[in-house]
Amino acid sequence: MPTDLQTLKSDRLRLIIIGLVALVLFLGDSPFATRGEPREAVVAMSMLNDGNWILPVNNGDEIAFKPPLLHWLVAAFSWIAGSVSELTSRLPSALAGLAMVVSTFVFFARRGERRTALLAAMICLTCFEVHRDAMTCRVDMLLAALTVIGLYALYAWGERGHRGIPWAATLCLAGAALTKGPVGIVLPCGVYALFVLWHDARRAWRVWLRLAGVAVLALLPLTAWYVAAYLQPHGGDRFLQLIYEENVLRFTGQMTYASHINPWPYNVMMIVAGMLPFTLLLLVSAWLLPRGFKGLSLKGFHPLRRLRSLSPLTLFALTSAVVIFVFYCIPASKRGVYLLPLYPFLAWFTARFILWLDARHRRTLSVWSRFVGGLTLLLALCFIAVKCGWVTGEMLFSGKHAEQNIAFVRSLSDVPWGFWSVVLTLGAVAIGLRTLFRPMGSEVRLAVVSLFVVWLNYDAIYKPAVMTVQSDKAVAAEVAKRAPAGTIYSFRTDVLEANRMHPFTINFYLGDRIIPIDKAPAAPAEGYLVTGNDEIEAFLKAYPAYDARPVYDSHHRSCDDRKVVKLYRFSTKSTRKPDGGKQ
């Protein structure tokens with residue numbers, strides 16, 4: 001029986017509130033500490049600064065690698081807030097992640113599986129990969145949410161007999177394409193086409209023709225942007241080459257630069273890591289596998305017949321999971337975030353497995369639940385030990401990376417005992433103890449609550465402390481003190497035109513003031529130069545007309561390229577007196 005509408009609305013509201021707390025409450029507390037986030041955020045910054053919303057230029061001479069939907073959303077939130085910040089930059093991903101979680105619940109709950117749907121939504125919200133990427137300024141979560149919601153809308157269209165135009169699906173696919181290119185249309189349409197073939201092969205061709213029409217409609221906004229971007233002064237052939245490289249050569253493994261090249265087993269490892277800690281439940285349940293295979297015979301086994309015997313909902317979820325995984329195993333370029341559209345379907349199957357364990361093998365579920373509770377308690381106690389000075393970085397680390405690891409521990413010890421740090425730490429202790437010593441029958445609920453509390457502690461306390469050490473934000477502040485206005489130049493020895501390295505994080509926190517010196521409109525007579533390590537020697541060799549003197553040595557390895565950031569003041573030799581002073 002379909003879920004009662006009022007109950008569904010009530011559960012959906014609670015899920016939205018939980019998701020907002022989990023994903024938005026501490027969204028802006030951590031500084032950027034990888035080059036990917038500021039690289040996307042600065043595009044929105046240049047849109048607002050220059051007024052070019054089609055193909056803005058940032059980092060001196062760079063145009064965006066991806067279509068602009070994420071950047072438009074970041075720019076819109078930032079315009080409302082008054083500036084581009086960590087919060088406004090990550091907000092589209094967080095809201096997209098929340099939309100994917102809530103739509104997963106609604107989709108499965110409306111088809112009569114409310115308890116499974118609610119658990120699947122919470123698994124999706126609290127598994128490692130989804131939570132991490134929902135709090136990151138990258139295109140991947142927005143793409144995943146639009147892809148998954150588009151698939152749900154296509155399935156609903158099929159339930160209506162494929163009548164009319166599925167406008168919800170079309171808009172989602174168009175948005176996915178405007179987020180990362182044609183893959184936002186090709187993948188969900190491919191998934192649904194195969195589902196139709198396996199579910200009802202006799203009508204497949206007719207459905208495929210209608211699906212092709214949906215794909216064409218969804219492609220129109222992306223095509224319009226391609227044309228508009230090509231006609232930009234800095235578009236043209238350079239833009240076409242970039243689009244060809246990102247959408248064709250990346251898939252065929254023929255890019256002009258290496259980009260996340262990995263074999264297909266890499267995707268398996270990423271799923272195992274991304275579904276943590278729920279993948280540990282499979283390990284705990286391994287002893288049940290022999291029972292499941294007992295009496296299994298392949299004689300007379302017909303895979304297609306078996307597939308068609310599944311319920312349409314199960315077949316759809318299975319098709320989506322398998323096709324998405326196989327699709328992202330084909331390109332040479334592989335990353336864990338590419339698999340994000342897979343997680344709602346994995347969460348649904350995981351929820352079904354957990355409820356099966358709850359009914360038949362509760363002791364197995366209890367072992368995993370106690371592990372989650374123990375982990376929650378251990379993390380809280382470790383933080384308390386660091387705060388009280390019982391454990392120090394010097395006691396724990398030595399060797400090559402000891403200095404940074406010690407800095408991480410010191411940063412954690414410096415976290416003040418404020419409202420949130422006290423409440424969340426005590427909450428973690430309480431829920432950890434409760435999960436470890438709970439009565440039988442509450443394993444699933446307490447394990448999920450424990451994970452929710454762990455993520456809150458991570459986002460509010462642990463992550464900001466660690467990212468503050470790793471980030472270049474403090475370095476950017478020091479550079480701003482010495483060069484408070486005007487253009488700052490950069491020089492890198494590892495220049496690759498197709499994927500050029502920039503000081504992305506410093507540039508973002510300086511308001512997009514840094515440009516590569518070789519891209520300057522005219523050779524500057526003097527100025528400030530940001531380099532890494534000992535690249536100043538290569539700079540003076542490449543630009544013999546200049547002298548340079550050190551201004552600031554950060555002694556900090558950049559989170560962009562792990563080079564020590566240094567600032568120099570340079571000027572042409574003709575403008576300097578013999579004693580080194582300026583005229």
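Predicted model, so just to flag it, every value in this text is computed and none were measured.
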Visitor: Do the side chains of Arg90 and Glu37 get close enough for a salt bridge, i.e. N-O under 4.0 angstrom?
Guide: yes
Visitor: Students often mix this up, so state it plainly: with edges at 30° and 60°, are the rings of Tyr155 and Phe316 parallel, tilted or perpendicular?
Guide: tilted
Visitor: Which residue in the set Arg35, Lys66, His71 passes side chain to side chain donor-acceptor pair (under 3.5 Å) when paired with Glu40?
Guide: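 Result for side chain to side chain donor-acceptor pair (under 3.5 Å) with Glu40: His71.
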Visitor: What I'd like to find out is whether the side chain of Asp29 reaches to under 4.5 Å of the side chain of Asp459, using heavy atoms alone.
Guide: no
Visitor: Can we say Lys473 and Glu86 salt-bridge, meaning some charged N sits less than 4.0 Å from an Asp/Glu carboxylate O?
Guide: yes
Visitor: Would a distance-only check, ignoring hydrogens and angles, find a side-chain to backbone donor-acceptor pair under 3.5 Å from Asp512 to Ser46?
Guide: no
Visitor: Using a strict 4.0 Å threshold on nitrogen-to-oxygen distance, state whether Arg335 and Asp133 make a salt bridge.
Guide: no
Visitor: Can the ring centroids of Trp348 and Tyr152 be said to lie less than 6.0 angstrom from one another?
Guide: no
Visitor: Could you tell me whether Arg111 sits above the aromatic face of Phe107, with NZ or CZ closer than 6.0 angstrom to the six-membered ring centre and within 45 degrees of the axis?
Guide: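 Here Arg111 passes the 6.0 Å and 45° test against Phe107.
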Visitor: Tell me whether Asp140 is salt-bridged to Lys180, with the criterion being a basic N under 4.0 Å from an acidic carboxylate O.
Guide: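 Looking at Asp140 and Lys180, the cut-off is met.
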Visitor: Just checking Tyr458 against Trp455, ring centres under 6.0 Å apart?
Guide: yes
Visitor: Is the positively charged end of Arg352 above the ring of Trp356, judged by distance under 6.0 angstrom from the centroid and angle within 45° of the axis?
Guide: no
Visitor: Just to verify, which of Arg138, Glu129, Met141 counts as forming a side chain to side chain contact (heavy atoms under 4.5 Å, CB included) with Val337?
Guide: Glu129
Visitor: What class does the angle between the rings of Phe504 and His502 fall in, given that below 30° is parallel, 30 to 60° is tilted and above 60° is perpendicular?
Guide: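 Rings of Phe504 and His502: perpendicular, over 60°.
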